[in-house]
Amino acid sequence: MTGRWLMKSEPDVFGIDDLARVKVEGWNGVRNYQARNFMKTMKTGDEILFYHSNAEPPGVAGLARVAKTAYPDPTQFDRKSDYFEPRATTADPVWYQVDVRFVRKAPRFVPLDELRGMPELAAMPLVNKSRLSVQPVTDAQWAAIVKAAGL
DNA sequence: GCCAACGTTGGC
DNA sequence: GCCAACGTTGGC
């Protein structure tokens, strides 16, 4: 069964247009255990809603897929990286990433205030003040968002 | 840029 | 194991 997810990214750093350009991106820099654990359960081909956080406005911007399952995030080993993790060793990594492949931009961007107004989404961490940057999406939630976005 | 909400760290 | 202090996320 294909998993469905929502992943947040700040468009000033890496947005849907960046993913469209590079096609495949390693989703590095996740430093939250819950988000990491979700990524570890992702399978190749799982579908991803690409969400723009810290944006004006924030909202769902496009569709992507998991291109490669979880593997150690190399930035954790890089002393010069903001994401350096002193506890991590190559034999025992702490953080993981997946590769994400661009599918398409949303024909219609769906802003957060509209997502908040959709009753199907009331249980989503996204609209419940959670900062969780990687979260699962149920079939009903997926259907509602995909419809609103024209995806 | 502000700051509330939340997650993590570390002293005890 | 508690919880205060601190750091980060992300909407506004």
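All chains are named by letter (A, B, ...) in the order of the sequence lines, taking the proteins before the strands, and each is independently numbered beginning at 1.
Cation-pi geometry between A:K68 and A:Y71 is satisfied (NZ or CZ under 6.0 Å from the ring centre, within 45° of the ring normal).
Scored by the side-chain contact (heavy atoms from CB on, under 4.5 Å) test, A:N32 finds A:Q34, A:A35, A:L132 as partners (sequence neighbours excluded).
The distance between atom CD of A:E10 and atom P of C:dG11, rounded to the nearest whole Å, is 9 Å. Atom pair A:F84:CZ and C:dG7:P shows a separation of 19 Å (rounding to whole Å applied). A:M124 places its CE atom 13 Å from the P atom of C:dG10, with the value rounded to the nearest Å. One can place CG of A:L112 at 18 Å from P of C:dT9, the figure rounded to the nearest angstrom. Between A:D82 atom CG and C:dG7 atom C1' there is a gap of 14 Å when expressed in whole angstrom units. The distance between atom CD of A:E85 and atom P of B:dT8, rounded to the nearest whole Å, is 12 Å. Here B:dG1 presents its C1' atom at 14 Å from CD of A:E56, a figure rounded to the nearest Å. What separates OH of A:Y83 from P of B:dT8 is a distance of 16 Å, to the nearest Å.
Heavy-atom nearest nucleotides on DNA chain B were determined for A:R87 and for A:S130, and the one closer to the 5' end corresponds to A:S130. Of the two residues contacting DNA chain B, namely A:N54 and A:N128, the nearest-nucleotide position lying further toward the 5' end is that of A:N54.
Here A:R116 does not pair with A:D113 in a salt bridge; the nearest charged N to carboxylate O distance is not below 4.0 Å. Taking the charged nitrogens against the carboxylate oxygens, A:E114 and A:R108 do have a contact shorter than 4.0 Å, which makes a salt bridge.
Relative to the side chain of A:R131, the nucleotides B:dT9, C:dG11, C:dT9 differ in distance, and C:dT9 lies closest.
Here A:Y51 reaches the OP1 or OP2 of C:dG11: one of its side-chain N or O atoms lies under 4.0 Å away. Phosphate proximity of C:dG10 to A:K8: present, with a side-chain N or O under 4.0 Å from OP1 or OP2.
A:T2 places no side-chain N or O within 3.5 Å of a backbone atom of A:D46 that could act as its donor or acceptor partner.
A ring-centre distance under 6.0 Å is not found for A:W95 and A:F84.
Just one of A:N28, A:V94, A:T89 meets the side-chain contact (heavy atoms from CB on, under 4.5 Å) condition when paired with A:Q76; it is A:V94. Under the ring-ring contact (aromatic ring centres under 6.0 Å, His included) test applied with A:W27, the options A:F50, A:Y96, A:F38 reduce to a single match, A:F50.
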Side chain to side chain donor-acceptor pair (under 3.5 Å) evaluation trace for A:R31 with A:T75: CA-CA 11 Å; A:R31 294 295 181 269; A:T75 63; 3.0 Å; yes
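Bending across the helix from B:dG1-C:dC12 to B:dC12-C:dG1, expressed as the angle between its end axes from five pairs apiece, amounts to 10° (10° rounding).
The stretch residues 26-35 of chain A comes close to DNA chain B through A:N32, A:Y33, each having a heavy atom under 4.0 Å from the strand.
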